[in-house]
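Worksheet: one structure, shown below.
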Amino acid sequence: MRKITVLSGGIGGARFLQGLLHLLPDADVTVVTNTADDLWVHGLKVCPDLDTVMYTLGDGIDPERGWGRRDESWGVKEELAAYGVEPTWFGLGDRDVATHLVRTQMLEAGYPLTAVTEALCRRWRPGVRLLPMTDDRVETHVVVADPDAPSGRRAMHFQEYWIRLRATVPAEQVVVVGLEDSSPAPGVLEALAGADVVLVPPSNPVVSVGTILGVPGVRDALRATAAPVVGLSPIVGGTHVRGMARQMLEAVGVEVSAAGVGLHYGSRAADGVLDGWLVDTSDAADAERVSAAGLPARAVPLMMTDLDATAAMVRAALNLAAAAPVRG
Ligand code: GDP
Ligand code: CA
């Protein structure tokens, strides 16, 4: 199983990929990354999930924060705030700004995001082929109650919900603007069709993996590939480990549990996308429930505490993939 394709969000996906490369340094890995978190801010195009994967695997990430550059300074952000320009809540570090400047210039010169990402990766050498899910503009917006708005509701960019509101207000609805009209980026469908195995890391099932699956053609490509498809639960013991998967699952009406997410993705034997599902050992009852529903599931430790623990998760996922019935 040398050709591995991974569907990734930001932090959860990036940490999982670190474990994958630790276990299999020579694997041929393609990462299809969520771009629905992307935003334009102060005239710059920012791609949080692509950058988190690129900086993490390229050893430029701030390990404590889990996003942005190590040894960062915040002069640009402070100067912008001194001018009183909005938004002030978005974390735009000085080193990070250089990445966004390069990206924005290239986009404005007409290069697609795929080519821009490839160019940025020439510096960072992440050890994987990093692909955006689409070259088209797609943006996740979150609808929350707002008594001051005429409709009683207000929609905002996902980043505003996450960073400014800290996901503390219930999300009533998640709307992914532009998703239905988007096309997979060049190489995405080929990476799914040509893989030996496809892995779905413990990324956010709604606003990371869910958006990738929503790009027209991706879901069908996953259902059609001869490769086994195995996922790992981002919910451990009934809640997310970090991030806001719980809020997003509640917004789309999916049970917040390892079984709930597994059954939401579903089995390829029915009308879903998975051949196997890993849950944490503390959720062993969920594995039984998911298996009983027709999706083979196992319980193994799923906390990405260090590289070895994460590599063991990857090994368990590959073992489950090897046990899947051969297709095609
Ligand atoms: P984001 O784009 O930065 O939010 O990152 P992802 O979508 O890739 O992953 C975020 C999700 O990863 C979180 O909502 C958690 O549910 C999950 N997660 C983070 N750390 C761990 C971990 O150690 N184990 C498991 N099983 N899930 C984790
Ligand atoms: Ca994200």
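Residues: numbered from 1 along the sequence shown. Read the numbers this way: they start at 1 and go in the same order the structure lists the ligands and their atoms. These numbers come from the heavy atoms of this one structure, side chains and all, not from hydrogens, waters or symmetry mates.
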Exercise. Any idea how H157 and H141 line up, ring-wise: parallel (<30°), tilted (30 to 60°), or perpendicular (>60°)?
Worked result: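 Judged by the thresholds at 30° and 60°, the geometry between H157 and H141 is tilted.
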For this session: From atom 3 (O) of ligand 1, work out which of I11, L302, V241 has a heavy atom at the shortest distance.
Result: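 When every heavy atom of I11, L302, V241 is considered, I11 comes closest to atom 3 (O) of ligand 1.
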Exercise. For ligand 1, is T52 a contact, meaning one of its heavy atoms is under 4.0 Å away?
Worked result: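 Contact check T52 vs ligand 1: negative.
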Exercise. Does ligand 1 have an atom under 4.0 Å from some heavy atom of S8?
Worked result: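 It does not; every heavy atom stays at 4.0 Å or beyond.
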Problem set entry | Metal site the Ca ion (ligand 2), protein N/O/S atoms found under 3.0 Å |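 Those protein atoms number 3 in total.
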Hey, is [X] touching ligand 1 through its side chain, its backbone, both or neither, going by heavy atoms under 4.0 Å?
X	value
N204	both
V209	neither
A14	neither
S208	side chain

Polar proximity ligand 1 side, [X] side, N/O cut 3.5 Å exclusive:
X	answer
V236	no
M303	no
G13	yes

